Structure formats: C-alpha cells, structure tokens
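Every value quoted in this text rests on a predicted model; they were computed, and no experiment measured them. In listed order, ligands and their atoms are each counted from 1.
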Amino acid sequence: MTDLTSIMEELTREPKIAYFSMEIGVHNDIPTYSGGLGVLAGDTIRSAADLKLPMVAVTLMSRKGYFTQELDSAGKQTEHAAVWDPAQYMMLLPYRVSVEIEGKDVHVQAWLYHVVSLTGGSIPVFFLDTNLPSNSAENREITAHLYGGDLAYRLKQEIVLGIGGVRMLRRMEIDVRKYHMNEGHASFLLLELMIKYRRPIEDVWDERLVWDKRSVKNLCVFTTHTPVGAGHDKFPYDLVMKTLGEIVPLSLLQELAGKEDLNMTLLALNLSRYVNGVAKKHGEVSKNMFPGYEINAITNGVHSFSWTCDSFKKVYDEYLPGWANEPELFVRVGRIPDDKLWAAHAEAKQRLISYVREKTGVELSLNTLTLGFARRATAYKRADLLFRDIERLERIGSGKLQIIYAGKAHPHDAQGKQLIQNIFNYKERLKEKIKIVYLQNYNMEIALKLVSGVDIWLNTPLRPLEASGTSGMKATHNGVMNFSVLDGWWIEGHIEGFTGWSIGPAPQELTPGADADARDAEDLYQKLEQAIIPIYYGDRLTWIRMMQNAIGKNAYYFNSHRMMRRYVTEAYLR
Ligand SMILES: *Cc1c(COP(=O)(O)O)cnc(C)c1O
C-alpha cells in the first residue's frame, strides 16, 4: 500500500475507464456523499472492483463533509461540519497540478483510497484537495464542503473536479480509454480534452474545425440523473469568464453549452458519444427535455453484498453460494426454506428495533407491521403524503402499524426542513395509536439497518421526478417489498401483489392536471387497509412468497453488477 512505485506501475499498466463524480460514498465514515448519487457512485466502484474492471475514480475531498444532522425535539434541523481525517483512510500522493481560477493558479493534490473487493479486485479513488499552504485561505476551502456555498463556489469546485481531475490523471501518466461523467458536475473535463485535442489544420478557413469534437466525443460517456431542467447546473457566462477565463473561445463554449448560461448537462450531451438516463422512464423524460439527442437508458442497481444484511448474507451463503458476485443466482431463491427466510427477516427487524430503542428510547414491536421511509428530505419525495388524511391513517393503522423515518434536508432547502418538522408533529399527534420515530443523521449504515429491518419500504415521489431511486432496490435484497409510486426503477420492478404494490395509477394512465397528492394518498390508504395489513397479519404464506419475489425478481435484476456489465457492453466498449 505504501509502495508508491508498485502502485503506480499497476495504475499505468493498462488504459482505464476514468469515472468522475462530485460525490462518492466509498465508506460510511467518509462523509463525502449526500445521498443517492454518491451511494450509486460507490456501488458502481464496488461492482467494478468485484468484476475487476480497469477503472479509476476521481472525486473531491469534501474535507468538511456534507454535514452531520442534529434534530431537536420539534424536528428542527441543525447542521454541523462533518470534519474527518483523510490520513486515517488514505494515502497522500506526491503529485501536484494546478488550475487557473480568477487568474490565479490554484494547486491541487490528490489522496488515494482503494476500494478493495473480496474477489481480489481493487479500484483506486482519487480525492482532489486544494487544502495546500501554497493556496490562499479562500482557495484552500474549495474542496471543503460538498454542495455548500454559492454558485461561484460550486463553479470553482467543478473546475477543480473536471479540469484538475484530467490534469491529475495525466500527471500520474494514467492512460484513459473512456471518461465517464456521473452527472454534469464534471463536464469541464470536456474543455480540458478539447484543448488537448485541438489540431492545427492549415488549409481550412473555418476556425472551428481546429476543435476536434469527434475525438473528444469518442472518449466520453455521460450519465444524467436529473429529470427537471432546474436541477441541472447552470452558470452565467460573465461568472464563467471571470472565474475560468476564456480557455476556449466564448463563441465555441456557447455553441456547446447554451447561449444564455453555461449548462453543464448540455455541454456533456454535446461532447459525449454515449449518453444515458438511469431508468427506462428517465431515459424517455430526458429525451423530451433535450430533443434531438440520442439518450439511452441503463437502469441503476445497488451493490448486492453491501446492501444485504448479515442474517440474509448467512442464508444466501448457505442456499445460493456465490450470490454476491453473481446476483443472477437470486433466481433460485425458492431453494431457501420459508422458515429460514422468515427467521432472517425477524433477526434483521429485531436488530433495527434495538437500534431504535438505543437512539430514541422508543420500544417498537417485532410483531407490528413496520413501514420504512428514508431518503433526502426534499419536497418532491413527499415524505408526509402518508399523513394527508391523518384521521384515516389513524383508523387504518391504530395498533397495526409503526413507522420509521430518516433523512437530511439540504441546508438551504427550507421546504425540506419543514417536511421533517411536519413529520415530528404527526408523530406527536399519533403517538397513542401509531408509533413513529425519526432517526437523525441518515447515512449508509443507518440505511442498511432500515432497508433490511422494516417490513415494507415506502416511496411516494411526485412523478416524474424520481429519476431512478435506489433505496427500494436495497430493500429487495433483504426480502423487503416496495410500496411505491410508479416512477423511476419501480415502473420496471413492480408486479402488483407479487413483487410489492403500486401507489397511484400506472404512468400511461396519468391524467394531466389531476390532484396528484389526493389521488395517490387515496390509493395508498386503500392498499394499506385492504391488501397490505390483511396479508401481513392473516396470510403469512403469501407474505413470504412476496418476499421471495422481491429477491428473485427485483434483487435479481436491480443490482450494480448487472448495471456495470451493461455500462461495459453498451457504453465503455463503443
Ligand atoms: C441509498 C441511499 C440513498 C438513496 O435513496 P433514494 O431512495 O434513492 O432516494 C440516499 N441516502 C443514503 C444514505 C442511501 O444509502
């Protein structure tokens, strides 16, 4: 590990896929992720390591993390910097590159973390860091806060990630066969490549032809994750000129990234040979948002080994040996005896109940139907849809339901913060009838406890805003069924009454202008009352069959091994 020469020899042995992501969840205690995007990046790398793909990853240091969430007794969120010590986990490399920001050289160093697989594979992740004495105090902070600060701060971060990242790989003499941009944050890497591939062509009169878009395109893969225009990073050109300077002619930049503002998604769309959305539906939504572009779809998956709890790992090891590196073996889930499956679930549920007791003092019951809901607290996820008709919920669920919530709101997201407080209110109002807990500081460790320890995983996004969603896929690896709005991955994974239940109409039956909240809540209550509660308490056999289907039909497909094999055959080998 400390022998730099042998590490670099290994790194430069063959051309690599260079995977760029603003956030990566490599480890629960390394707080360089905020939610689904970062966890997906981590799962991508974990599967690449298992499959021994020739890949390296580049991200930002985020030395002060996203943040640690503290909730008071009313659900009011306070954020604390999640300061961590890189030296505890990674190795500082002796390489330096610089990027020009506001006319000054900003120096960038890199830390190396290896994601190591049980198969012997390993993927290096480079964490870019501007915290160097040779930088100004302000510039030392560029890689401090994930998604912190204002637009100018974000722009500087993306310059370090995209341009600094390409330069760092070049400095290390790593040969890159494809650049894979996980979301538009890294699109500036394209400008660095454009400069590299600029060709002097003397006998042409058109100046634009010296820019070799084709060579850049052939090298690049872009995955978009955001189904709304407002979610795409855009920077005003005057800010770009002031911060980045005219590293390529402004007219060219406007041609590639939009006339009004520099749109990072558009830049990536124009300079990537292969572009994809993260679920079939999201691919279509993206095509409508950007007509004229060829946009494919590779539906996300989760890393099976990381998202299976210990009791299920034991059962899978016994009945489906080899499952972790070949999740297709879940197709034979029927080999696991019913009582073993149920006992594995009870063990995971008991563990979650103990954790809840330890953290909140609330005693939940092993025999009560438990719903789980955990994800970023932001308006479109509608964490409070379940409470739309609180009397009805009380009538249906009194003595029969308990609910566990978790999730952080972005520090600037007032609506998201309000959502958490609303849930605290409902929790108080219902406490004699339905026990509700809200776990603070949601992270990967809590996520695994939750997705494995509840009976039903609830998801209520407002369509079509859930590009994919991945926590529901984690649940299926632990025999937990989804009860979800038909959006993102669930459109592909849902078979009613078989793998789980839908909330609201099928996508093709949506009526424009309808009150989505009222319609979805109505269906939610009806299914809870007439299907889910009766089966849970009255028909254990059907329940266990559905658990098997969650594993055999959902986990079987929605894993990151399948996802990575598709990236290899459809994107990387093009
Ligand atoms: C999986 C995961 C997410 C993503 O959840 P979605 O349901 O896709 O929104 C977010 N945060 C953490 C900590 C996770 O583990």
Side-chain angles (χ1 to χ4, degrees), residues 21 23-47 65-69 82 146-147 182-183 225-227 231 277-279 281-282 299-309 371-383 385 404-410 413 416 419-420 439-454 456-478 480 482-485 487-493 500 503 554-555 558-560 563:
S21 184
E23 50 170 315
I24 304 185
V26 288
H27 187 295
N28 188 64
D29 299 331
I30 301 181
T32 57
Y33 64 94
S34 81
L37 185 73
V39 176
L40 174 83
D43 283 355
T44 296
I45 295 163
R46 282 181 277 274
S47 274
Y66 182 47
F67 66 87
T68 303
Q69 177 195 51
L146 179 61
Y147 305 131
N182 186 43
E183 193 51 302
H225 292 261
T226 318
V278 289
K281 170 80 179 178
H282 177 238
T299 303
N300 281 340
V302 299
H303 188 246
S304 300
F305 187 76
S306 303
W307 294 110
T308 300
C309 70
L371 303 186
F373 185 106
R375 42 187 58 85
R376 285 182 302 119
T378 187
Y380 87 83
K381 303 256 191 189
R382 296 191 296 182
L385 188 75
I404 309 179
Y405 276 93
K408 297 175 179 176
H410 185 277
D413 183 356
L419 264 179
I420 301 176
L439 297 173
Q440 62 182 6
N441 200 37
Y442 188 45
N443 59 24
M444 288 175 9
E445 191 181 318
I446 298 174
L448 177 57
K449 287 192 171 77
L450 272 173
V451 296
S452 60
V454 299
I456 291 287
W457 194 248
L458 180 68
N459 194 14
T460 51
L462 185 65
R463 286 175 277 204
L465 302 182
E466 188 81 302
S468 164
T470 51
S471 61
M473 304 174 184
K474 301 169 191 167
T476 68
H477 278 76
N478 301 281
V480 169
N482 279 265
F483 180 30
S484 170
V485 165
D487 202 10
W489 81 278
W490 189 230
I491 299 174
E492 297 161 55
I503 296 171
N554 287 163
F558 297 97
N559 58 74
S560 48
M563 175 183 82

Hey, does the Lys NZ or Arg CZ of Lys408 hover above the aromatic six-ring of Phe67, less than 6.0 Å from the centre and inside 45° of the axis? yes
Between Ser21 and Asn182, a side-chain donor and acceptor under 3.5 Å: yes
Residue pairs, two or more places apart or on separate chains, that pass salt bridge (Lys or Arg N to Asp or Glu O under 4.0 Å) and touch residues 461-470: Lys381-Glu466, Arg463-Asp520
First locate atom NZ of Lys474, then atom SG of Cys309, and finally report the distance between them rounded to the nearest 0.5 Å. 14.0 Å
Where at least one partner belongs to residues 32-45, residue pairs that pass salt bridge (Lys or Arg N to Asp or Glu O under 4.0 Å), sequence neighbours excluded: Asp43-Arg46
Can you list everything that forms a side chain to side chain contact (heavy atoms under 4.5 Å, CB included) with Ala374? Sequence neighbours excluded, please. Ala406, Tyr442, Leu450, Trp457
Hey, which residues fall under 4.0 Å of ligand 1 on heavy atoms? Gly35, Gly36, Val39, Trp307, Arg375, Lys381, Tyr442, Asn443, Met444, Ala447, Gly469, Thr470, Ser471, Lys474
